[in-house]
There are 2 protein chains.
Amino acid sequence: MQEISKKAQKKASGQSHPDKPQKEGLRERKQRETRQLIAQTALNLFLQQGYDNTTLDTIAEAAGISRRTFFAYYKSKDDIILAWQTTSWQEMLDELRQVSALLTPLNAVRQIMVAHATRYQSQNMKALDQVMLASETLISRKQAAYAIQEAALFETLCEIWPEQAQSSLRIVAMLSVGAMRLALEAWRRDMDTQTVAACLDETFAQIQSEI
Amino acid sequence: MQEISKKAQKKASGQSHPDKPQKEGLRERKQRETRQLIAQTALNLFLQQGYDNTTLDTIAEAAGISRRTFFAYYKSKDDIILAWQTTSWQEMLDELRQVSALLTPLNAVRQIMVAHATRYQSQNMKALDQVMLASETLISRKQAAYAIQEAALFETLCEIWPEQAQSSLRIVAMLSVGAMRLALEAWRRDMDTQTVAACLDETFAQIQSEI
DNA sequence: AATATATTTGCACTGAGTGCAAAATTTAAT
DNA sequence: ATTAAATTTTGCACTCAGTGCAAATATATT
């Protein structure tokens, strides 16, 4: 198989503790490490010589794997960079699902997103941002990723507020992702004196007072 | 040269009438025709066999040009489809520049965009939409194109309302492009009974009352 | 008709991504 | 501890998008 089995099903054998997530086998550990190694290696290369000037062969060689194996871990070159964004968004959605209840959708999202942004490592952020900015391709892909995030957010909103009109929730999703985009752009212009979270909160405030 | 000279400069020879745009020479006409031919040929092929299953070789052959020449007219495969979107947006921006003056930015954009949408040929729209929906690649590229449109709209807004805070105009641009995206999605769900313009106006109304 | 200019084309190349089947490695079973 | 089963890694050959270059065509200018 060329795709890594996500351990889709585990045998119903005698489990010591069903609450323990599952002890991580040798395979799982090595895969996690390899994935991380690829990401780190690639990011370094991108920072050094640019995204477009770095071929998959170079990355694979530097990470000590074969070119073909790379595709078992990431489904495309841009996925190395974009996977981070996707993962982080997924975490945010999980947090959103738990906390909110009585707030309006937009306020709930605002609160969770800002709280989540507080935890960003600005060091990593800056590196990723720098790599992305230098490549037309990546800029494109990032925008496409936003659309996917917007759709995922909409789905989640529908679960949490099933009584709300869908058209309204679509707008909330659009505004929220839009706020995040604008906030990141603002932060880029003002990286040194502001945090991402502060930019985000300010952007939300402006949007809510704008209309 | 592989890139087509956009007739960057014309000699200052005896022009019959400076107000006449310029009489179209044989070259210009053939280029316009070729460009149109490529677009039409490709669109037909895409509709028949899908975007991803249609290679550039196939398109070039069907259009009676060489593969290499294709790239003199479109800079990438997706550009065949996306060029339409870009052109149309540019027209809209030109209209925006002329009409507005006293309206608020958001209301001005809303008015012009709705008016512009009225002129869409729903036949072409449906074909393009159908092609796009069937290809992951194109969906991605379309989203990336929206980001470019948003940036262009922002630039235009800055020209028209130089006294407005840029942060506010950025939000207007974000909302406007967001409205268009949502409106097109709504229209797709309801193609037969609604016009694009109606969907767009309704979406703007909802957004403006949402917050 | 001759010359300058712009366009078309062929060719060879790079680089991303995929399918396939043979090796190598890990896990499970006896 | 051996053996067997399952999973991962890898190499190879392939398709397709996109680019650089220079020769061949076509168009415009005088």
Side-chain angles (χ1 to χ4, degrees), chain A residues 1-14 22-35 37-38 42 45 49-61 63-81 135-138 140-141, chain B residues 1-14 22-35 37-38 42 45 49-61 63-81 135-138 140-141:
Chain A
M1 271 195 203
Q2 68 247 39
E3 202 175 332
I4 289 177
S5 74
K6 300 284 175 53
K7 200 201 312 184
Q9 78 296 44
K10 48 185 173 182
K11 286 254 197 71
S13 56
Q22 174 84 1
K23 93 159 179 272
E24 189 188 51
L26 174 58
R27 232 169 216 166
E28 282 78 14
R29 199 193 68 225
K30 285 187 75 173
Q31 281 174 9
R32 204 169 34 75
E33 286 170 353
T34 302
R35 198 179 157 82
L37 176 65
I38 294 173
L45 287 169
Q49 42 185 277
Y51 176 82
D52 293 303
N53 296 324
T54 310
T55 69
L56 286 181
D57 292 275
T58 309
I59 296 169
E61 192 183 9
I65 57 170
S66 80
R67 205 184 99 82
R68 200 64 188 73
T69 298
F70 168 86
F71 288 103
Y73 288 90
Y74 292 93
K75 64 178 184 302
S76 61
K77 188 179 170 187
D78 32 70
D79 197 34
I80 307 171
I81 300 296
S135 157
E136 276 304 317
T137 317
L138 269 186
S140 266
R141 295 297 179 138
Chain B
M1 271 195 204
Q2 67 247 39
E3 201 175 333
I4 289 175
S5 75
K6 301 283 175 53
K7 199 203 310 182
Q9 76 298 43
K10 47 185 174 183
K11 285 255 198 71
S13 56
Q22 174 84 1
K23 95 160 178 269
E24 190 190 52
L26 174 58
R27 230 169 218 168
E28 283 77 17
R29 199 193 68 227
K30 284 186 75 172
Q31 280 175 10
R32 204 170 34 74
E33 286 171 354
T34 303
R35 198 179 157 83
L37 176 64
I38 295 174
L45 287 169
Q49 42 184 272
Y51 177 82
D52 293 303
N53 296 323
T54 309
T55 70
L56 287 180
D57 292 276
T58 309
I59 296 169
E61 192 182 9
I65 59 170
S66 80
R67 204 185 102 82
R68 199 66 189 73
T69 298
F70 168 85
F71 288 103
Y73 288 90
Y74 292 93
K75 64 178 183 300
S76 60
K77 188 180 170 188
D78 33 71
D79 197 35
I80 307 171
I81 300 296
S135 157
E136 276 303 318
T137 318
L138 268 186
S140 264
R141 295 297 180 139

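A, B, ... follow the sequence lines: proteins, then strands. Residue 1 opens every chain. Keep in mind that what you see is a predicted model, and the values were worked out from it rather than measured.
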Point to revise | Closest nucleotide among D/dA28, D/dG20, D/dG18 to the B/Arg27 side chain | key: D/dA28
Point to revise | Between D/dT8 (C1') and A/Glu33 (CD): distance, integer Å | key: 15 Å
Exercise for review: Report yes or no: is there a donor-acceptor pair, N or O only, under 3.5 Å between the side chain of A/Arg68 and the base of C/dG19?
Suggested key: yes
Point to revise | Distance in angstrom units between B/Asp79 CG and D/dA17 P, rounded | key: 14 Å
Revision key, fill the gap. Against the side chain of A/Ser76, the closest entry in C/dG17, D/dG18, D/dT19 is C/dG17
**Study point:** Options C/dT9, D/dG18, C/dG19, nucleotide nearest the side-chain atoms of B/Leu56
**Key:** D/dG18
Exercise for review: Considering only NZ, NE, NH1 and NH2 on the basic side and carboxylate oxygens on the acidic side, decide whether A/Glu28 and A/Arg32 come within less than 4.0 Å.
Suggested key: no
Exercise for review: Figure out the CZ/P separation between A/Arg67 and D/dC12, and round it to whole Å.
Suggested key: 13 Å
Review point. For B/Asp57 and C/dT9, what is the distance between atoms CG and P respectively, to the nearest whole Å?
Key: 13 Å
Review point. Between the side chain of B/Lys77 and the main-chain N/O of B/Thr55, is any donor-acceptor distance below 3.5 Å?
Key: no
Exercise for review: Just call it for A/Thr58: base, sugar-phosphate, or nothing, with non-hydrogen atoms closer than 4.0 Å on any strand.
Suggested key: nothing
**Study point:** Presence of A/Tyr73 side-chain N/O under 4.0 Å of D/dT9 phosphate oxygens OP1/OP2
**Key:** yes
Exercise for review: Name the nucleic acid region contacted by A/Thr69, choosing base, sugar-phosphate or nothing; use a 4.0 angstrom heavy-atom cut-off, strictly under.
Suggested key: base
Check your understanding: Side-chain N or O of B/Lys30 less than 4.0 angstrom from OP1 or OP2 on D/dT27?
Key -> yes
Check your understanding: Within this structure, what is the CZ-to-P distance between B/Arg29 and D/dA26, rounded to whole angstrom?
Key -> 16 Å
Exercise for review: Whole angstrom is fine here: how far is it from OH in B/Tyr74 over to P in C/dT8?
Suggested key: 13 Å
Check your understanding: Taking CG from A/Asp52 and C1' from D/dT19, how many angstroms apart are they, rounded to a whole number?
Key -> 14 Å
Point to revise | Among B/Asn53, B/Asp78, B/Ile81, B/Asp52, the one residue meeting side chain to side chain contact (heavy atoms under 4.5 Å, CB included) with B/Ser135 | key: B/Asp52
Check your understanding: Could you give the CZ-to-P distance, from B/Phe71 to D/dC16, as a whole number of Å?
Key -> 13 Å
Exercise for review: Look at the side chain of A/Arg35 and the backbone N and O of A/Tyr73, then say whether any donor-acceptor pair between them is shorter than 3.5 Å.
Suggested key: yes
Check your understanding: Which part of the nucleic acid, if any, lies within reach of A/Thr34 when heavy atoms closer than 4.0 Å are counted: base, sugar-phosphate only, or nothing?
Key -> nothing
Review point. Looking at the side chain of B/Ser66, which of C/dT9, C/dG15, D/dA28 is the nearest nucleotide?
Key: C/dT9
**Study point:** Partners meeting side chain to side chain donor-acceptor pair (under 3.5 Å) with B/Thr69 (sequence neighbours left out)
**Key:** B/Ser66
